[in-house]
Amino acid sequence: MAAPTGQKSEEDRKHPVDETLPPFKMFTSGLQHVAAMYAGVVAPPMIVGPACGLSATETAFLMGACLFTAGIATLLQTLGFWKVGARLPFVNGVSFAGVTPMVAIGETAGPHDALPVIFGAVIVAGVLGFLLAPYFSRLLRFFPPVVTGTVITLIGISLLPVAFNWSRGGNSQAPGYGSLTNVGMAALTFLIVLVLRRVLRGFLQQIAILLGLIAGTLIAIPVGITDFSALARADLIGFPTPFHFGAPRFDIAAIVSMCIVMLVCMTESTADMLALGKIVDRPADERTIEGGLRADALGTALSPLFNGFANSAFAQNIGLVAMTRVRSRFVVATSGLILLVLGLSPVAASVISLVPLPVLGGAGIVLFGSVAASGIQTLASAALEKGDNALIVAAAIGIGLIPIAAPDFYHHLPEDLLVVLDSGISTGCLVAIVLNLVFTLRFSLRSARFPRFRLRRRADSRRGARRDAPQAF
């Protein structure tokens, strides 16, 4: 039957993920995503740069390059082409999982060869991830609600310490770290975001995080924790020249380390895509996971061309989607374009960097808490009244919290293992998958034995009945 005039049929009605918003809403919502992820993108080059012997100017160049490559990876993920891209509101940026191995590679290779060796290893890892994507996506069957709910909850819980650290100042060596001023600004921003979310309506409510960050930054100026020095030194234009630090070099040990990092990133990205699919009401199927992993890997393989590192999903932005309910992937594609502009214009990047970390930390508590709340909501549908499911959640969250509660817990083990063990999301995810498989297999074997046992008893009963029956002569 034809749809009534003036009404759209189910086929014609776009899913919210595929809707486009008016330009102003598109830009402000995309800018909100950039503000939420900015610190996470520039943090790895801020650590790796000095460890590889770069000067402050070269480190700033590396930060711009990482912003630029994060924009490329985000566009690959949201818009996609062929079989590349999850086509979900998925933000990609520099993975923190690679920081420790890259610092170790830098110390081993020396200041002159460090970045070329890192870039060569990242390229190989990206190519490997691209080839493995179709096979890795088939692991989707191992992520029932009890596993996905546990992993989503762990993602939120694992991110909360980041927000707490930002609230104190971000760097324990920085003056005023943990001071009452920093913590007070974080608390004030936290309250501003809550009030704005409660009293505003419509679009203004959706950009409450951005408004809270702007308000917190303005308040921080007279308080004295807003730093304008980067803005004064920044150039108007600064294109990340390809292979600025030298042509890539391929070292076997470095390649092995970064390939392990790639597998960790793929595991976390799979969990993030499952989480985001539930939040936007478009569950991530095997094809979506495959496309998303291909985008991660292709973005990673292309990043070294522009002096960037391995890219993966940014879980903090999942919290922003959950809280604002703005599900359009084109909003996140807009944030990818903004990241490209920031990478090409140090002045524009410096404007975003004016947001003090304590202000970002206060808003981050709300964002990351939203991710954990989404995980708890998923666990509510996971039949936790069954003893095995509750045990899976308890064990996985307990193991996943070890790197958060006791960061040095595994540090007596070989460094290669730390790439996985130092990620609470990865370890918790692996524990949940393995326990779910073990308990499911045990239940399957038990249920498979019982029918055979009953059949055997019935056969024995029939034989006994024949034995006891009167014999005909």
Side-chain angles (χ1 to χ4, degrees), residues 13-21 25-26 29-30 32-34 36-37 40-41 70-93 95 129-130 133-134 136-140 143 145 147-149 151-152 155-156 159 206 265-300 311-339 367-368 370-371 374-375 377-378 425 429:
R13 191 178 299 123
K14 283 186 178 180
H15 191 282
V17 168
D18 298 319
E19 288 181 344
T20 55
L21 304 182
K25 290 185 178 181
M26 193 88 76
S29 298
Q32 188 170 231
H33 274 284
V34 174
M37 70 173 294
V41 175
I72 293 174
T74 299
L75 290 174
L76 287 173
Q77 196 66 264
T78 52
L79 302 181
F81 68 94
W82 184 57
K83 296 181 180 180
V84 175
R87 293 174 175 83
L88 291 173
F90 213 42
V91 177
N92 273 40
S95 172
F130 193 90
F136 210 90
S137 63
R138 294 174 189 170
L139 301 178
L140 188 62
F143 288 85
V147 174
T148 56
V151 174
I152 297 168
I155 291 171
L159 289 170
Q206 293 173 347
C265 291
M266 293 172 75
T267 302
E268 293 187 359
S269 287
T270 299
D272 289 340
M273 280 184 269
L274 292 170
L276 187 60
K278 286 185 174 294
I279 289 169
V280 301
D281 297 324
R282 179 181 275 181
D285 56 15
E286 187 174 309
R287 182 177 297 179
T288 302
I289 300 294
E290 180 180 339
L293 294 178
R294 276 202 176 107
D296 276 0
L298 183 58
T300 295
N311 287 292
S312 66
F314 261 46
Q316 52 261 51
N317 292 80
I318 296 175
L320 189 57
V321 174
M323 196 177 74
T324 63
R325 301 303 296 168
V326 177
R327 295 178 279 178
S328 171
R329 62 190 173 101
F330 297 105
V331 164
V332 178
T334 302
S335 71
L337 292 174
I338 295 172
L339 287 168
L367 284 178
F368 305 157
S370 298
V371 180
S374 297
Q377 187 176 5
T378 303
I425 298 172
C429 180

Listed by chain and number, what are the salt bridge (Lys or Arg N to Asp or Glu O under 4.0 Å) partners of Asp285, not counting sequence neighbours?
none
Contact list for residues 82-91, test side chain to side chain donor-acceptor pair (under 3.5 Å), sequence neighbours left out
none
Distance from Arg329 atom CZ to Leu75 atom CG, nearest 0.5 Å?
11.5 Å
Distance in Å, Thr288 OG1 paired with Leu293 CG, rounded so as to fall on 0.5 Å steps
10.5 Å
Where Cys265 and Ser312 come nearest, the two heavy atoms and their spacing:
CB-CB, 3.9 Å
Please confirm whether the backbone N or O of Asn92 pairs with a side-chain atom of Thr74, one donor and one acceptor, at under 3.5 Å?
yes
Please name all residues satisfying side chain to side chain contact (heavy atoms under 4.5 Å, CB included) with Ser328, sequence neighbours left out, ordered by chain then number.
Phe330, Val331
Closest approach of Val17 and Arg282, non-hydrogen atoms and distance?
CG1-NH1, 3.6 Å
Kindly determine whether Ile279 and Arg325 satisfy side chain to side chain contact (heavy atoms under 4.5 Å, CB included), including the steps that lead there.
CA-CA 8 Å; Ile279 289 169; Arg325 301 303 296 168; 3.8 Å; yes
Looking at side-chain heavy atoms only, is the closest gap between Val280 and Pro89 below 4.5 Å?
yes
Could you give the distance from CZ (Phe314) to OG (Ser335), rounded to the nearest 0.5 Å?
11.0 Å
Cut-off 3.5 Å, no hydrogens considered: what does the side-chain donor-acceptor table look like for residues 270-278, sequence neighbours left out?
from, atom 1, to, atom 2, distance (Å)
Thr270, OG1, Met266, O, 2.8

Phe81 versus Leu79: any side-chain heavy-atom pair under 4.5 Å?
no
Smallest separation among heavy atoms of Val41 and Ala70, with atom names
CG1-CB, 4.4 Å
Distance check, rounded to the nearest 0.5 Å: Glu286 atom CD versus Glu290 atom CD?
7.0 Å
Considering all heavy atoms, the nearest Ala313-Ser269 contact:
N-OG, 3.5 Å
Starting from the C-alpha separation in whole Å, work towards a yes-or-no answer on side chain to side chain contact (heavy atoms under 4.5 Å, CB included) for Arg327 and Asp281.
CA-CA 9 Å; Arg327 295 178 279 178; Asp281 297 324; 2.9 Å; yes
Taking the side chain as C-beta and beyond, is there a heavy-atom pair between Gln32 and Val326 under 4.5 Å?
no
Considering non-hydrogen atoms only, spot the tightest contact between Ala295 and Val84 and give its length.
CA-CG1, 3.7 Å
Check whether any side-chain N or O of Asn317 sits under 3.5 Å from a backbone N or O of His33 as a donor-acceptor pair, and report yes or no.
yes
CZ of Phe90 to CG of Asp296, rounded to nearest 0.5 Å, is 6.5 Å
Set of residues satisfying salt bridge (Lys or Arg N to Asp or Glu O under 4.0 Å) with respect to Arg287, sequence neighbours excluded
none
Between the side chain of Gln77 and the main-chain N/O of Ala86, is any donor-acceptor distance below 3.5 Å?
yes
Going by the rule side chain to side chain contact (heavy atoms under 4.5 Å, CB included), which residues pair with Pro283 if we only count those two or more places apart in sequence or in a different chain?
none
Within the distance-only criterion (no hydrogens, no angle test), does the side chain of Thr300 pair as donor or acceptor with the backbone N or O of Asn311 below 3.5 angstrom?
yes
